[in-house]
Amino acid sequence: MSRRVIISGNWKMYNTTAEAKELVEGLLAGVKDLGEKEMLIFPPSIHLKEVVAQCEGSKIQVGAQNMYFKEEGAFTGEISPTMVKDAGADYILIAHSERRHVFGETDELINDKVKAAFLYDLKPVLCIGELLEDYEAGKSKEVCRNQLVEDLKGISAEQMKQMVIAYEPVWAIGTGKVATPEIAESIHMSIREVLKELYSEEIAELVPVLYGGSVKPDNAAGLLVKPNIDGVLVGGACLKADSFLGIANA
Ligand code: 13P
């Protein structure tokens, strides 16, 4: 069966308003040639509304990088699922490794955010991935499995049909040390095994699993050719239209 292929870009904490506008203009010029592939971008939330407006009517889909799970309240500095919706975004990135490891998000909080995404009709892209020490100890699959079990608690099979998983080994993020296509493929297969165990074969086959971590135009093709790698989540290389489109066309 053929799964969706999603080329996604996480801008992280980069781009002023003018830079954001220029980047989206560049992407809009190239996105027409993508065929069946989907493009999804995650700008900083302060730019969401403008980026959504700029992308309207195009193939580019937009998501927020983070949100809190409550609808509103005294949570200074946070944004809510309804605000993300209100800004016109359809997707929400949840549990990016920087959220887990720089901001200390726990699996319990992440699970609340996944539930909130579905409650407010946002499509989650759930990030999982192991630290270097876990990788070196041969625990990559075990760590990813535990994260999936904890983060997906209470999520139904029907909801899982809207889910996207991103495997981002922490040791590969921003380090230039991309996982080899063979390593990534093997972890992606194990992620499908967990989805099969938690849900069904159908769900395991349906859910797109993206790879993230030092993806560049010159290594994207080798990853994307693997049967269980359904797209990428790009950081540094998505900040220039040429390089992000280079990955998308790989
Ligand atoms: P880099 O592509 O810069 O390694 O970042 C990956 C990432 O964290 C995307 O979410």
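Along the sequence shown, residues are numbered consecutively beginning with 1. Hydrogens, waters and symmetry mates are skipped; everything else that's a heavy atom, side chains included, is used. For ligands, and for the atoms within them, numbers begin at 1 and follow the listed sequence. Nothing here was measured: the structure is a model prediction, and the numbers come from that model.
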Can Arg3 and Asp230 be counted as an ion pair, charged N to O under 4.0 angstrom?
yes
Enumerate, atom names and distances included, each donor-acceptor pair closer than 3.5 Å involving a side-chain atom of residues 133-144, sequence neighbours excluded.
from   : atom 1 : to     : atom 2 : distance (Å)
Asp134 : OD2    : Leu131 : N      : 3.4
Ser140 : OG     : Glu130 : OE2    : 3.0
Lys141 : NZ     : Ser186 : OG     : 3.0

As a test of reading the model: which residues have a non-hydrogen atom less than 4.0 Å away from ligand 1?
Asn10, Lys12, His96, Glu168, Ala172, Ile173, Gly174, Gly213, Ser214, Leu233, Val234, Gly235, Gly236
Can a salt bridge be assigned to the pair Asp151 and Lys113 using a cut-off of 4.0 Å between side-chain N and carboxylate O?
no
Between Lys21 and Glu50, is the closest basic N to carboxylate O distance under 4.0 Å?
no
Could I get the full list of ring-ring contact (aromatic ring centres under 6.0 Å, His included) partners for His188, not counting sequence neighbours?
Tyr167
Listed partners of Lys177 passing side chain to side chain donor-acceptor pair (under 3.5 Å), at least two apart:
none
